[in-house]
Undergrad: 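One structure coming up, written as structure tokens, with questions to follow.
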Amino acid sequence: MDHATESDSRKLLGRLRDALAGDSAGQERLDRVTTIIADAMGVEVCSIYLFRDAETLELCATEGLLPDSVHKTRMRIGEGLVGRVARDKRPLNTADAPAERGFRYMPETGEERYSSFLGVPIQRLGETMGVLVVQSKEKRAYSDDEIYGMEVVAMVLAEMTELGAFVGEGAALAPLHRRAVTFRGGIGQEGSAMGHVWLHEPRVVVTNPIADDPHEELRRLDEAIDSLRASVDELLATADGADKDQMQVLEAYRMFANSRGWRRRMEEDIARGLSAAAAVEKEQTATRARMAQVPDPYLRERLHDLDDVSNRLLRILTGQGSETGAEMPDDPILVASNIGPGELLEYGRRQLRAVVLEEGSIASHAAIVARAWAIPLIVHAGPIASEALNGDLVLVDGEHGVVHLRPEASVIDSFKDKLAMEAAQQERYVSLRDKPAESTDGALVKLSMNAGLMADLPSLDTSGADGVGLFRTELQFLTQSRVPRRDELAQQYSRVLDRAADKEVVFRTLDIGSDKVLPYMKSQDEPNPALGWRAIRVGLDKPGVMRMQLQALIRAAAGRNLSVMFPFIAQLQEFRDARALLYREVEHERRLGHRLPREIKVGAMLETPSMAFAPAQFFDEADFISIGGNDLKQFFFAADRENERVRRRYDTLNVSFLNLIEMINRRCVEAGTPVSFCGEDAGRPIEALVFAALGLRSLSMRPASIGPVKHLIRRVDLGALRHVIDDARASGAQSVRPAVVEFLYRPQTSS
Ligand code: PEP
Ligand code: MG
């Protein structure tokens with residue numbers, strides 16, 4: 001690029017800055033901007049299109065097209081050449097626009113006279129705000145230099161749009177971050193919450209995208225990169241060498257901090273007239289655009305790293321750290337692009353009302369924490385982190401996976417009604433706390449809770465649970481950057497037993513692999529991780545960690561009862577081997593002179609269909625069995641529990657699945673082995689009721705579900721319901737749900 005181009009570009013940006021200064025109205029500014037750009041580019045037409053809603057672009061200012069078309073000409077994303085630029089998020093350059101695929105003639109603009117067309121997206125950080133277009137009569141393609149120049153201008157326009165420089169009349173010029181927006185995402189944890197946005201990473205705002213002293217800006221960029229390098233080197237020096245993934249990420253950071261290509265592009269941006277911060281952001285925007293397009297997960301990861309590094313650099317340059325001095329609202333709803341379990345735990349459960357993530361997944365570690373806290377979690381909730389501002393009102397509907405940001409009054413009203421109804425119901429449940437879950441025909445059902453954190457334990461009292469039917473021990477492992485030590489674990493388990501007092505706690509040994517990858521565990525890169533090397537398979541093949549965990553459990557229980565169960569048992573021998581391992585550790589502890597548990601019960605999770613058909617010895621030998629319905633159902637129907645497209649495809653009340661559950665229950669009863677159901681379905685009142693009607697007398701669920709489940713059980717005659725279920729099955733129904741719901745609507749004879 002020659003110096004003349006650079007100085008032309010700087011002159012153009014200088015003129016734009018003058019046009020944007022002062023307090024003229026947004027429309028006036030836009031008009032002036034189009035005139036200046038048309039003049040500087042030597043073209044007849046320059047137009048700016050902005051979004052009026054998520055789908056529709058509107059012509060907001062033009063030099064050269066017919067003035068009457070302003071605010072009238074509209075197109076949807078993907079429609080015509082302008083819509084295509086917005087959809088593809090990249091420039092479109094053609095000497096002969098009418099011959100271009102997808103060209104759409106807009107008669108009201110008078111554009112038929114123009115042949116060449118160059119459109120570039122007005123975008124910042126992955127968010128497209130509009131399209132900047134130049135056109136001319138002459139049939140010519142624009143040079144790479146000209147395209148680059150337009151991208152620099154578009155970057156400035158994006159920044160100014162974000163800062164509110166073009167606010168005016170009509171939807172397209174409405175201020176940003178004020179509209180009501182609804183996001184739809186995946187449900188990580190059910191529940192409803194109303195509160196105010198707390199951004200995990202506050203947005204960085206570049207207030208001066210245009211600078212006139214490139215030397216000064218280059219110096220600032222140099223300085224910032226130096227301090228970025230120093231901070232990455234320091235992180236690398238202090239990082240725990242054992243944590244390979246973390247080291248890899250840091251190495252990637254270092255590579256980018258030293259990358260010449262990255263730096264050269266930013267230097268060129270600065271030479272064109274952008275400030276150092278705007279140059280970083282322009283490259284970050286390009287990274288995000290690429291990130292959305294590359295299908296290769298490895299490359300995407302690296303682009304993600306580059307995005308992180310850019311963020312750090314931007315924070316250094318703007319002096320805007322994550323500490324903004326803003327105060328966390330009393331009712332915070334955490335909004336983030338993504339968050340790790342450790343960071344989430346730092347917020348503490350008491351504070352957060354809900355969590356909404358742009359990325360994340362139902363099975364992510366953060367999701368496991370949110371689930372343990374029983375606060376609503378929505379994942380894949382669109383670009384909410386760039387749309388929301390700290391303090392915005394937000395409603396989270398975890399039943400439907402919907403998030404209302406800055407909702408309209410009518411939405412707030414109906415949501416408040418819903419919350420009030422739920423609160424009234426909770427009150428009713430509290431009054432049931434000390435009452436048994438006994439049906440009207442006298443069947444008693446034991447309701448226990450699932451837990452995974454010490455913080456869950458107070459729910460034992462508040463929910464009225466009969467015990468902890470499933471303690472997921474992997475949480476302590478997932479939230480640390482190294483394997484926890486035996487004495488740490490023993491202390492934790494002991495505190496759990498203290499807190500539970502005389503109620504039973506069933507500890508499940510480490511269930512990792514598949515989606516639950518430990519930060520310090522070498523990931524296996526398996527083609528099908530849910531069917532891969534996970535849970536007890538890892539425990540038996542590499543028993544070191546499981547043995548340490550078993551020792552910790554034995555020591556924690558000293559003199560008290562201990563219930564241990566092994567996850568993901570798929571054949572009898574695995575159960576026998578795991579149990580043998582436990583008894584070897586008991587022997588070991590005895591030899592060391594440690595006090596042993598008073599009584600040890602050894603159970604198995606039944607979560608693969610193979611075990612429903614296992615030899616009778618399995619049911620005889622296990623001290624208890626717990627049906628892991630989440631996994632059992634996914635394997636039974638061959639439908640991935642984390643895949644939104646299929647995870648709800650098969651009803652839990654499908655007759656085949658109920659037949660399976662009934663058979664498992666029958667085999668347990670015949671063997672005299674206690675059985676319970678601890679998958680998520682146990683916490684859904686209708687499902688819970690049907691399981692009880694089929695004979696299950698023990699269910700373990702989220703603490704918040706105990707009230708609703710108990711309430712329903714106490715109102716129903718399980719024997720009568722059993723007949724309804726049997727009739728539905730005999731009739732050839734696919735699912736018994738319609739018949740059960742119809743039965744529940746009939747007046748019940750309450751005792
Ligand atoms: C299950 O599979 O039903 C279960 C309770 O275990 P998890 O959800 O932890 O896999
Ligand atoms: Mg499971």
Undergrad: Hydrogens and angles aside, do Q634 and D631 bring a side-chain donor and acceptor to less than 3.5 Å of each other?
TA: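 Distance-only check passes for Q634 and D631.
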Undergrad: Calculate, to the nearest 0.5 Å, the distance between atoms CD1 and CD1 belonging to I627 and I661 respectively.
TA: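 The distance works out to 4.5 Å.
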Undergrad: Any non-hydrogen side-chain atom of K710 less than 4.5 Å from a side-chain atom of Y429?
TA: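 No, side chains not in contact.
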Undergrad: Ignoring hydrogens, what is the shortest heavy-atom contact between A370 and L344? Give both atom names and the distance.
TA: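 Smallest interatomic distance, heavy atoms only, reads N-CD2, 4.4 Å.
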Undergrad: Quick check against the 3.5 Å criterion: does S463 have a side-chain atom that pairs as donor or acceptor with the backbone of P703?
TA: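 Absent.
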Undergrad: When you measure from the side chain of R729 to the backbone N and O of V655, does any donor-acceptor pair fall under 3.5 Å?
TA: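 Pair absent, no side-chain N/O of R729 close to backbone of V655.
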Undergrad: Is it true that, when you exclude M421 itself, more than 12 heavy atoms of the residues, nucleotides or ligands shown sit nearer than 6.0 Å to its CE?
TA: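 No, because the 6.0 Å sphere around CE of M421 holds 12 heavy atoms or fewer from other groups.
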Undergrad: With rounding to the nearest 0.5 angstrom, report the CZ to CD1 distance, R560 to I600.
TA: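 Those atoms lie 13.5 Å apart.
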Undergrad: For a quick test of reading the model, state the closest non-hydrogen atom pair linking V709 to P685 and the distance between them.
TA: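 In this case the closest contact between V709 and P685 is CG2-CA, 4.0 Å.
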Undergrad: Assess whether atom CZ of R666 is packed by more than 12 heavy atoms of other residues, nucleotides or ligands within 6.0 Å.
TA: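 More than 12 heavy atoms, drawn from other residues, nucleotides or ligands, come within 6.0 Å of this atom.
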Undergrad: Can you tell me how far CD1 of I664 sits from CG of L632, rounded to the nearest 0.5 angstrom?
TA: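 These two atoms lie 5.0 Å from each other.
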Undergrad: Compare all side-chain heavy atoms of D397 with those of K418 and state whether any distance is below 4.5 angstrom.
TA: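 Yes. Closest side-chain heavy atoms under 4.5 Å.
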Undergrad: If you define the side chain from C-beta out and look only at heavy atoms, does anything of R547 sit under 4.5 Å from L581?
TA: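 The answer is yes; the side chains approach within 4.5 Å.
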Undergrad: Side chains of M701 and I706: closer than 4.5 Å at any heavy-atom pair?
TA: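 Yes, at least one pair of side-chain atoms sits under 4.5 Å.
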Undergrad: Can you sort out the partners of F183 under ring-ring contact (aromatic ring centres under 6.0 Å, His included), two or more places apart, ordered by chain and number?
TA: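 So F183 forms no ring-ring contact (aromatic ring centres under 6.0 Å, His included) with any residue.
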Undergrad: Is a side-chain N or O of D651 found less than 3.5 angstrom from the main chain of S735, in a donor-acceptor match?
TA: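 Here the side-chain-to-backbone pair does not exist.
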Undergrad: Go through it in stages, so that I can follow the logic: the residues are L653 and L658, the test is side-chain contact (heavy atoms from CB on, under 4.5 Å), and I'd like the CA-CA distance, side-chain angles, deciding distance and then a yes or no.
TA: CA-CA 6 Å; L653 302 188; L658 294 185; 4.2 Å; yes
Undergrad: If you round to the nearest 0.5 Å, how far is CD1 of I378 from CD1 of I187?
TA: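 It is 6.0 Å, given to the nearest 0.5 Å.
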Undergrad: Tabulate below the donor-acceptor pairs under 3.5 Å that side-chain atoms of residues 444-453 make, not counting sequence neighbours, or state none.
TA:
from: N450; atom 1: OD1; to: S700; atom 2: OG; distance (Å): 2.6
from: N450; atom 1: ND2; to: C678; atom 2: O; distance (Å): 3.2

Undergrad: With a 3.5 Å distance limit and no angle check, can you tell me whether S676 reaches the backbone of L699 through a side-chain donor-acceptor pair?
TA: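 The answer is no, because no donor-acceptor pair under 3.5 Å joins these two groups.
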Undergrad: Is a side-chain N or O of E358 found less than 3.5 angstrom from the main chain of I384, in a donor-acceptor match?
TA: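 Yes, the answer is positive, given that a donor and an acceptor are paired below the 3.5 Å cut-off.
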Undergrad: Could you go step by step and tell me if S656 and F636 meet the side-chain contact (heavy atoms from CB on, under 4.5 Å) rule?
TA: CA-CA 9 Å; S656 310; F636 189 66; 3.8 Å; yes
Undergrad: Given side-chain contact (heavy atoms from CB on, under 4.5 Å), test E607 with F635 step by step and report yes or no.
TA: CA-CA 8 Å; E607 42 188 353; F635 297 122; 5.9 Å; no
Undergrad: Is any side-chain heavy atom of L562 closer than 4.5 Å to a side-chain heavy atom of F507?
TA: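 Side-chain contact under 4.5 Å: yes.
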Undergrad: Please name the pair of heavy atoms, one in E359 and one in V379, separated by the smallest distance, quoted to 0.1 Å.
TA: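 Looking at all heavy atoms of both residues, the closest pair is O-CB, 3.5 Å.
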Undergrad: Are the side chain of R714 and the backbone of P436 linked by a donor-acceptor contact shorter than 3.5 Å?
TA: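 Yes: the side chain of R714 pairs with the backbone of P436.
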Undergrad: Is the shortest distance from a Lys or Arg side-chain nitrogen in R499 or D461 to a carboxylate oxygen in the other one below 4.0 Å?
TA: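 Here R499 pairs with D461 in a salt bridge, since their nearest N and O are under 4.0 Å apart.
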Undergrad: Is a side-chain donor or acceptor of Q549 paired with a backbone partner of L510 at a separation under 3.5 angstrom?
TA: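 Checked: pair present.
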Undergrad: With a 4.5 Å cut-off on side-chain heavy atoms, are L606 and F619 touching?
TA: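 A side-chain contact exists here, since the closest heavy-atom pair is under 4.5 Å.
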Undergrad: Do other residues, nucleotides or ligands put more than 12 heavy atoms under 6.0 Å from E422 CD?
TA: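 Above 12, so yes.
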Undergrad: With a 4.5 Å heavy-atom cut-off, do N665 and F691 have their side chains touching?
TA: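 No, side chains not in contact.
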Undergrad: Are R534 and F568 in a cation-pi contact, defined as NZ or CZ under 6.0 Å from the six-membered ring centre and within 45° of the axis?
TA: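 Ring-cation test returns yes.
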Undergrad: Which atom names give the shortest non-hydrogen contact between A578 and F566, and what distance separates them?
TA: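 Scanning both residues completely, I find the closest heavy atoms to be O-CZ, 3.5 Å.
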Undergrad: In terms of side-chain heavy atoms, does Y493 have a donor or acceptor partner in Q476 at a distance below 3.5 Å?
TA: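 Side chains of Y493 and Q476: no pair found under 3.5 Å.
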Undergrad: Would you say R576's side chain and E621's backbone share a donor-acceptor pair under 3.5 angstrom?
TA: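 Checked: no pair found.
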Undergrad: Nearest heavy-atom pair of L718 and S439: which atoms, and what distance?
TA: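 Here L718 and S439 meet closest at CG-CB, 3.6 Å.
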Undergrad: Please round to the nearest 0.5 Å and tell me the distance separating atom NE2 of H404 and atom OG of S414.
TA: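 Between atom NE2 of H404 and atom OG of S414 there are 7.5 Å.
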Undergrad: Which heavy-atom pair separates F477 from P484 by the least distance, and what is that distance?
TA: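 Nearest heavy atoms, F477 then P484: CD2-CD, 3.5 Å.
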Undergrad: Go through L457 and L460 one step at a time and tell me if the side-chain contact (heavy atoms from CB on, under 4.5 Å) criterion holds.
TA: CA-CA 5 Å; L457 273 291; L460 252 180; 3.7 Å; yes
Undergrad: Does the side chain of E399 reach to within under 4.5 Å of the side chain of S192, using non-hydrogen atoms?
TA: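 Heavy-atom side-chain distance check passes, below 4.5 Å.
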Undergrad: Say whether E504 and S563, considering side chains only, have a donor N or O and an acceptor N or O under 3.5 Å apart.
TA: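 Yes, a side-chain donor-acceptor pair sits under 3.5 Å.
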Undergrad: Looking only at atom types and distance, does a side-chain atom of N528 sit under 3.5 Å from a main-chain N or O of L531, one as donor and one as acceptor?
TA: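 Side chain of N528 to backbone of L531: no pair is present.
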Undergrad: What is the distance from atom CZ of F575 to atom CG of L540, rounded to the nearest 0.5 Å?
TA: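 Answer for the CZ-CG pair, F575 versus L540, is 11.5 Å.
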Undergrad: Per the side-chain hydrogen bond (donor to acceptor under 3.5 Å, both in side chains) rule, which among E680, K633, R737 passes with T652?
TA: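 Going through the options one by one, the only one that passes is K633.
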Undergrad: Is the number of heavy atoms from other residues, nucleotides or ligands within 6.0 Å of NZ (K503) greater than 12?
TA: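 Yes.
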Undergrad: Are F657 and Y650 near enough that their ring centres are under 6.0 Å apart?
TA: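 No - the distance between ring centres of F657 and Y650 does not fall below the 6.0 Å cut-off.
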